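A short worksheet on the structure shown next.
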Amino acid sequence: PPAGHLAAAQRPAVHGHAAPAIGGSVCGDLTARKVLRYPRVGKGQCFAVGAERAERREQVVLRHKAALLHAAHEHARPQHMQVRLREGHRQQHTAAMHHSRAVCQHREIPPGKFMPCCKALGRVLAVLFACFCILASFGIGNMSQINSIAGNMNAAFHTPSLVTGVALMVVTALIVLGGLKRVAAVTEKLVPLMALFYVAGALIIVVMHAGNIPAALAAIFKGAFNLNAAGGGALGYGISQTITWGFKRGAFSNEAGLGSAVMVNSASNVKEPVHQGMWGVFEVFADTIVVCTLTALVILTTGVVDLQSGAVLVGVQDNALVGQAFTAAFGSFGPKFIAISILLFAYSTTLGWSHYGTKAVEYLFGATGSRIYKVVFVCMTVVGATMKLGLAWDLSDTFNGLMMIPNLIGVLALSGTVVDITRNYFARRVRGEDIEPMWSAFAEYQKEEEAEAAAEEAELDKAANK
């Protein structure tokens, strides 16, 4: 099932400060307000090259201090020495300007225009990211999820896909358009509980078929590296296909690299950005290594798939494999349990992505555009329920890939900031070094955090002295 909900309980929403995550989508997670602290948090806004902005601010402060010191020293000198010094400074400044123009002309960059070019590039990436986020919200966040729900409901309860789509469209309209938050609140509470039940059920099935685990693992590695290939060319093609499908399904499962997790992690009530980042790392690990591995073992050890050829049993739909596998342990109750679990998992993902897409539309078009987007999003639920399974996955993979492009550019550009803040955190918390905390790359926000920390310490001291 689409995970990402297992660590949701560790991400309480607050109004105010944000603590981004390190892991999964680093650009989104690490460039929310706690690291680069943009006044308006949006995934697209993380590309404004915040570290350079902070460095320029510090240089301005240093130049201002140097000017004050220079003025104080100059005021103490005799008048004739002051005149000579001013003339010398004027000549040096003129020579520096000529040198700057020469360098800029040689590189075909007008003097003083480089940083605006960087800002313009950031704005372009922000717009691209917002556009691709809107597309991805219809793919990974709507059609593929609704399609999985419809397929499992049809396999378990023989419910027509159109009926499932219309029912989900009505509920989505009540929540997204009508503001019916109670249904979303109930789903939010049920998802962690259903995740625990799913993991427990999967463990029971794997233990019941423990004798088939070695053969299942062997089939996984054999299929991954295409060891049955006849020649080197076929082997290379098989590995390339394995990597391609791994990227596709990995991005769909844990959303690592998409930049979507910032919408949740940036609202957490955590002071240390690295602290929240560790939950981001754990979320990807729990999703991919734990849940996905259990799901694969459930399918492969119960005989739903032929381990030699990889063929699925006749009469079983691809999106109902897990439900059919659960039949081996729980009988006819297995598919029904999986259908309900997928309904909660996938539908909660759909509600979350409706929020992501709404924020992206608001960034591009304002509040008016978000209303139109919500109507289109609700209508797409019926399309997702009735469309072919392969088409839904292909659209999701394409939109995910587009969304990754601007996000990963931001990841590379801001990796230095991530490293500095992480090193500072481990130096203080792990090695116990007495150094100043680094909470933000911006000097003004760093001072705000320091002031808050000082106020908290003063309150603790006051309470201790009472």
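Values below: all heavy atoms of this structure, side chains included; hydrogens, waters and symmetry mates excluded. Numbers for residues simply follow the sequence, beginning at 1. Computed from a predicted structure; not experimentally measured.
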Show every donor-acceptor pair shorter than 3.5 Å between a side-chain atom in residues 125-135 and any protein atom, with sequence neighbours excluded, or say none if there are none.
none

What pairs of donor and acceptor atoms, side-chain ones from residues 157-169 against any protein atom, are under 3.5 angstrom apart with sequence neighbours left out?
| residue | atom | partner | partner atom | Å |
| --- | --- | --- | --- | --- |
| Thr164 | OG1 | Pro160 | O | 3.3 |

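Within the model, atoms CG of Asn400 and CD1 of Ile405 stand 11.5 Å from one another, a figure rounded to the nearest 0.5 Å. Taken to the nearest 0.5 Å, the CZ atom of Arg428 stands 10.5 Å off from the CD atom of Glu433. Separation of atoms CZ (Phe247) and OG1 (Thr244) is listed at 8.5 Å; rounding is to 0.5 Å. The distance from the OG atom of Ser260 to the NE2 atom of His355 is 11.5 Å, given to the nearest 0.5 Å. Considering CG of Asp420 and OG of Ser415, their distance stands at 9.5 Å, rounded to 0.5 Å. Note that the CG atom of Asn147 and the NZ atom of Lys388 stand 12.0 Å from one another [nearest 0.5 Å].
Aromatic ring pairs are classed by plane angle as parallel below 30°, tilted from 30° to 60° and perpendicular above 60°; the pair Phe377 and Phe138 is tilted.
Checked by atom type, the side-chain pair Thr349/Gln145 shows no donor-acceptor distance below 3.5 Å. With no hydrogens or angles considered, a side-chain donor-acceptor pair links Thr172 and Tyr347 at under 3.5 Å.
Using a 4.5 Å heavy-atom threshold, the side chains of Ile220 and Leu217 count as touching. Using a 4.5 Å heavy-atom threshold, the side chains of Asp287 and Cys292 count as touching. The shortest distance between side-chain heavy atoms of Tyr425 and Pro437 does not fall below 4.5 Å. Annotation: side chain of Arg371 is not in contact with side chain of Phe365 (no heavy-atom distance under 4.5 Å). Within the 4.5 Å cutoff, side-chain heavy atoms of Val419 are placed close to those of Arg423. Using a 4.5 Å cut-off on side-chain heavy atoms (C-beta onward), Lys374 and Thr358 make contact.
Shown here are the ring pair (Phe, Tyr, Trp, His ring centres under 6.0 Å) partners of Phe330, two or more places apart in sequence or in another chain: Phe326. For Arg249, the salt bridge (charged side-chain N to carboxylate O under 4.0 Å, His left out) partners are Asp397, not counting sequence neighbours. With sequence neighbours left out, the side-chain contact (heavy atoms from CB on, under 4.5 Å) criterion links Thr288 to Asn254, Val284. Every residue meeting the salt bridge (charged side-chain N to carboxylate O under 4.0 Å, His left out) condition with Lys359, not counting sequence neighbours, appears here in chain and number order: Glu362.
The main-chain N or O of Val290 is never found under 3.5 Å from a side-chain atom of Thr293 such that the two would form a donor-acceptor pair. Side chain of Ser253 to backbone of Gly250: no donor-acceptor contact under 3.5 angstrom is found. Between the side chain of Thr301 and the backbone N or O of Ile213, no donor-acceptor pair lies under 3.5 Å. Listed for the Asn424 side chain is a donor-acceptor partner under 3.5 Å among the backbone atoms of Glu436. Checked by atom type and distance alone, the side chain of Asn152 pairs as donor or acceptor with a backbone atom of Ser148 at under 3.5 Å.
The shortest heavy-atom contact between Leu307 and Ala216 is CD1-N, 4.3 Å. The minimum heavy-atom distance linking Ile146 with Thr350 is given by the pair CD1-OG1, 4.1 Å. Among all heavy-atom pairs drawn from Ser332 and Pro335, the shortest one is O-CD, 3.4 Å. For the residue pair Ala256 and Met404, the shortest heavy atom distance occurs at O-CE, 3.6 Å. Heavy-atom minimum distance, Ala453 versus Trp439: CB-CH2, 3.7 Å. Taking each heavy atom of Val418 and Thr422 in turn, the nearest pair found is O-OG1, 2.7 Å.
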One pair to check against side chain to side chain contact (heavy atoms under 4.5 Å, CB included): Thr295 and Val322. What are the steps and the verdict?
CA-CA 7 Å; Thr295 303; Val322 182; 3.7 Å; yes
Side chain to side chain contact (heavy atoms under 4.5 Å, CB included), that's the test. Do Tyr198 and Leu344 meet it? Break it down for me.
CA-CA 12 Å; Tyr198 175 81; Leu344 294 173; over 6 Å; no
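Considering Leu297, Val298, Leu294 in turn, Val298 is the only one that fulfils the side chain to side chain contact (heavy atoms under 4.5 Å, CB included) rule with Ile205.
Between Trp393 and Phe252, the distance from one ring center to the other falls under 6.0 angstrom.
Taking the charged nitrogens against the carboxylate oxygens, Arg429 and Glu272 do have a contact shorter than 4.0 Å, which makes a salt bridge.
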